[in-house]
K.L.:
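Could you have a look at this structure, given as structure tokens, before my questions?
Just so we're clear, the structure is a prediction, and the values are computed from it rather than from any experiment. Within every chain, numbering begins at 1; the chains are lettered A, B, ... in the order of the sequence lines, protein sequences first and strands thereafter.
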Amino acid sequence: MQRFITDLKRTHSCGQLTKADIGKEVVLFGWVNNRRDHGGAVFIDLRDREGVTQVVFEEDVRPDVHETAEKLRLEYCVGVRGKVVSRGENVNPKLKTGEIEVHASDLEIFNRSEATPFPIEDQVDTAEEKRLQYRFLDLRRAPLQRTLMTRARVNHVTRNYFTENGFLELETPFMVKYTPGGARNFLVPSRLNPGKFYALAESPQLFKQLYMIAGFDRYFQIVRCFRDEDLRLDRQPEFTQIDVEMSFVEQNDIFGVIEGLVCRLWKEVLGVELPRPFPRMPFDESMAKYGNDKPDLRFGMEHQLLTDLVRQHGGGGVPLLQDAVAKGGIVKAMRVPASANFSRTEIDKLEEYVKGMGAKGLARAKVAENGEWTQSPFAKTVTPEMRLPINQVTGAQPGDLILFQFGKASTVHTVMANLRVHLAKRTGLIPEFGSGGQWRFLWVVDPPLFEYDEDSATWQPAHHAFTRPRDQDLPFLETDPGRVYCWRYDLVLNGFEIGGGSIRLHDPEVQARVFKAMGISAEEARNKFGFLLDALRMGAPPHGGIALGMDRLVMLLTGAESLRDVVAWPKTQKGTDLMTGAPGDADARQLRDLYVKSTYEPAK
RNA sequence: GGGGUGUUAGUUAAGUCGGUUAUAACGCCGGCCUGUCACGCCGGAGGCCACGGGUUCGAGUCCCGUACACCCCGCCA
């Protein structure tokens with residue numbers, strides 16, 4: 001007797017057979033996706049990663065096989081041999097294989113299955129907590145199978161693309177020396193070096209620059225990075241980056257290479273031709289219009305900066321605005337068209353929403369037929385001289401609503417940025433995944449090298465110390481740091497930052513000035529980055545690079561709503577793995593070997 | 001660290017003003033059925049209402065706390 005796997009090898013996948021295969025003897029392996037037992041005949045939907053094929057077991061043809069088939073239950077893992085037969089009148093148009101079925105002559109149950117904790121179906125509304133606990137079952141579902149196959153495709157295309165373009169795939173260490181600043185690191189105690197710790201690399205940044213200095217010219221890596229920061233919908237503590245560095249390049253060269261990759265990915269994964277080049281927008285413009293550096297350009301609802309206008313009118317009769325401007329804050333407004341038709345209750349809800357982000361409130365004004373403001377805390381006192389220009393710059397028409405934020409710049413920007421997206425979702429301005437015109441790529445360029453920290457009233461580096469300032473801004477490095485812009489760039493898609501990079505500082509002289517401006521002493525610089533500073537003094541080529549967030553790319557390519565849906569084994573918001581229980585306890589012996597002592601005391 | 005939402009059979013949900021034995025669908029178990037594909041029909045099992053306090057004659061329901069999950073702010077050069 002012939003046995004499955006040893007003698008009977010798989011001939012086809014469950015998504016493969018068509019009417020061209022009618023008459024063939026086939027062997028399929030897979031899982032019981034569904035069963036319909038009609039007594040004399042049992043119908044099974046057999047599933048593997050490629051699809052589903054209907055298998056029929058008939059009592060009067062093979063009573064012994066039929067008897068086994070009666071025992072089949074959902075998610076049993078089986079092998080089937082049989083003949084491909086036309087379904088005749090009974091075609092199932094919903095199935096790729098719906099024109100045929102397999103009439104089984106042999107069946108082996110490799111493994112039975114207990115009742116699964118949730119159904120293995122395409123559309124499942126099981127709590128995510130449960131899905132993550134049984135992730136191996138969640139991953140059996142077709143949508144996640146498709147997503148991970150897309151992810152594999154992205155890996156494959158990326159490797160081909162860079163290899164074809166003269167890039168070398170080179171590795172970098174995960175266990176590195178901790179350098180302060182930037183993201184919080186995960187620490188790994190060193191058993192061989194008591195009291196010392198490795199850090200898990202938050203990015204290969206310094207090593208890829210050293211590859212350039214070593215003369216490797218063009219580097220790429222699809223690499224895991226680790227950051228011990230709080231999680232979000234689009235942030236996991238370990239994530240994958242498409243990391244790139246190139247020698248003898250300027251910003252445009254990097255953009256060309258990356259646009260080439262992105263276009264290839266969209267073409268090969270979605271069959272979409274993206275227009276090139278991608279548009280660019282200065283950082284300052286993005287902050288003014290959208291309140292952040294990752295604007296979603298699929299809809300308008302831009303912000304208007306009213307700070308200067310308010311200042312010109314001495315507050316325009318509104319003490320709150322005057323006060324905000326006088327204290328160095330900013331004033332922003334946004335028009336909500338009358339068609340949004342918000343009720344008083346809904347606007348109150350919006351106010352609660354923005355208060356959750358640190359806003360003091362949500363000042364608003366409804367524009368009347370004559371341009372006057374109603375339903376507004378400003379209505380009584382605002383001067384027409386200021387009101388009219390505000391109506392004009394916001395484009396507010398009678399019936400429209402103007403929403404205001406004022407005060408500390410960072411809060412105003414954050415609140416208005418989130419409000420803009422929130423309102424767009426509420427009013428249906430964001431197109432469904434799969435409809436046309438939804439790929440709005442953008443390069444955000446020319447950010448300042450320093451950002452003003454209102455709390456400490458000092459200029460703080462906005463980026464790492466190896467970003468190259470604009471040559472024409474160098475004179476201001478010591479005198480007016482806020483005027484120094486740099487060769488840094490972010491690639492943005494539909495409101496997500498999917499990549500960021502910079503042209504690096506390769507000139508040791510300028511490097512020294514930047515360190516000084518950043519308040520990093522020569523000793524400190526030597527301590528932290530001595531090896532890189534040495535390297536820069538020994539014939540470092542001009543170079544620059546970028547890193548793309550691979551998980552976010554896949555998330556956007558597949559229309560997934562969360563990064564957790566494109567990561568096979570994701571962590572929860574508290575950084576735990578609900579399936580394995582990580583992170584777990586260490587026993588006393590392990591800790592002693594590592595010279596580590598926990599000070600943690602569980603709450604009573 | 002802060003704000004918000006949620007937690008009821010295996011799963012997804014309902015549960016009114018605080019009041020008798022907590023419902024339904026799917027799944028599961030048993031039986032019947034040869035053209036189903038969300039198969040159908042008959043029968044059955046299945047509950048610490050997340051956990052801990054409190055209010056009350058009486059709590060799934062009201063209050064407080066805790067845990068967990070999710071969303072956001074801070075954080076993420």
K.L.:
Does any donor atom in the side chain of A:Tyr290 or A:Asp296 lie under 3.5 Å from an acceptor atom in the other side chain?
P.N.:
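Side-chain D/A pair, A:Tyr290 to A:Asp296: absent.
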
K.L.:
Which residue pairs pass the ring-ring contact (aromatic ring centres under 6.0 Å, His included) test with at least one member in residues 409-429 of chain A, sequence neighbours excluded?
P.N.:
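ring-ring contact (aromatic ring centres under 6.0 Å, His included) check on residues 409-429 of chain A returns A:Tyr353-A:His422.
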
K.L.:
Would you list the pairs meeting salt bridge (charged side-chain N to carboxylate O under 4.0 Å, His left out) in which at least one residue belongs to residues 516-528 of chain A, sequence neighbours left out?
P.N.:
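Output for this query lists A:Glu524-A:Lys528, A:Arg526-A:Asp534.
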
K.L.:
May I ask you to establish whether A:Arg483 and A:Phe476 are in a cation-pi arrangement, using a distance under 6.0 Å from NZ or CZ to the six-membered ring centre and at most 45° from the ring axis?
P.N.:
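That pair qualifies as a cation-pi contact.
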
K.L.:
What about A:Arg232: does its side chain form a donor-acceptor pair under 3.5 Å with the base of B:G74?
P.N.:
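Flag set: donor-acceptor pair detected.
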
K.L.:
Could you give all pairs that pass the salt bridge (charged side-chain N to carboxylate O under 4.0 Å, His left out) test and reach residues 40-51 of chain A, with sequence neighbours left out?
P.N.:
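Listed by first then second residue: A:Arg36-A:Asp45, A:Arg47-A:Glu75.
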
K.L.:
Treat primed atoms plus P, OP1 and OP2 as sugar-phosphate and everything else as base, then score nucleotides 36-50 of chain B 5' to 3': B for base contact with protein heavy atoms under 4.0 Å, S for sugar-phosphate contact only, - for none.
P.N.:
BBSB-----------

K.L.:
Determine the contact category for A:Ala462: base if any of its heavy atoms lies under 4.0 Å from a base atom, sugar-phosphate if only primed atoms, P, OP1 or OP2 are that close, otherwise nothing.
P.N.:
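Contact class for A:Ala462: sugar-phosphate only.
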
K.L.:
If you look at every strand shown and take non-hydrogen atoms under 4.0 Å, does A:Thr576 touch a base, only sugar-phosphate, or nothing?
P.N.:
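Contact class for A:Thr576: sugar-phosphate only.
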
K.L.:
Within the structure shown, what part of the strands sits under 4.0 Å from A:Lys355 by heavy-atom distance: base, sugar-phosphate, or nothing?
P.N.:
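It contacts nothing in the nucleic acid.
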
K.L.:
If you look at every strand shown and take non-hydrogen atoms under 4.0 Å, does A:Thr411 touch a base, only sugar-phosphate, or nothing?
P.N.:
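Since no nucleic acid heavy atom lies under 4.0 Å of A:Thr411, the category is nothing.
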
K.L.:
Going by the ring-ring contact (aromatic ring centres under 6.0 Å, His included) test, which pairs reach into residues 43-68 of chain A, not counting sequence neighbours?
P.N.:
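Residue pairs with at least one partner in residues 43-68 of chain A: A:His38-A:Phe43.
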
K.L.:
What nucleic acid atoms does A:Gln573 come within less than 4.0 Å of, heavy atoms only: base, sugar-phosphate, or nothing?
P.N.:
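The answer is base, as A:Gln573 lies within the cut-off (heavy atoms under 4.0 Å) of a base atom.
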
K.L.:
What about A:Arg235, does its side chain sit under 3.5 Å from the base of B:C76 through a donor-acceptor pair?
P.N.:
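Present.
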
K.L.:
Between residues 491-502 of chain A and RNA chain B, which residues have a heavy-atom gap below 4.0 Å?
P.N.:
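Residues of residues 491-502 of chain A that come under 4.0 Å of RNA chain B do not exist, since none gets that close.
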
K.L.:
Within the 3.5 Å criterion, strictly below it, is a donor on A:Gln205 or A:Gln209 matched to an acceptor on the partner's side chain?
P.N.:
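A:Gln209 and A:Gln205 do have a side-chain donor-acceptor pair below 3.5 Å.
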
K.L.:
For a quick check under 3.5 Å, do A:Thr172 and A:Gln221 share a side-chain donor-acceptor pair by atom type?
P.N.:
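Checked: A:Thr172/A:Gln221 side chains pair up, N/O donor to acceptor below 3.5 Å.
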
K.L.:
Considering only NZ, NE, NH1 and NH2 on the basic side and carboxylate oxygens on the acidic side, decide whether A:Asp234 and A:Arg232 come within less than 4.0 Å.
P.N.:
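Between A:Arg232 and A:Asp234 there is no salt bridge, as every charged N stays at least 4.0 Å from the carboxylate O atoms.
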
K.L.:
Any base atoms under 4.0 Å from A:Arg184, or only sugar-phosphate, or nothing? Heavy atoms, all strands.
P.N.:
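A:Arg184: no heavy atom of the nucleic acid under 4.0 Å.
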
K.L.:
Quickly work out the A:Tyr134 OH to B:U12 P distance and round it to whole Å.
P.N.:
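My rounded result for the distance is 12 Å.
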
K.L.:
Within the 4.0 Å heavy-atom criterion, would you say A:Arg564 contacts the bases, only the backbone, or no part of the nucleic acid?
P.N.:
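Result for A:Arg564 = sugar-phosphate.
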
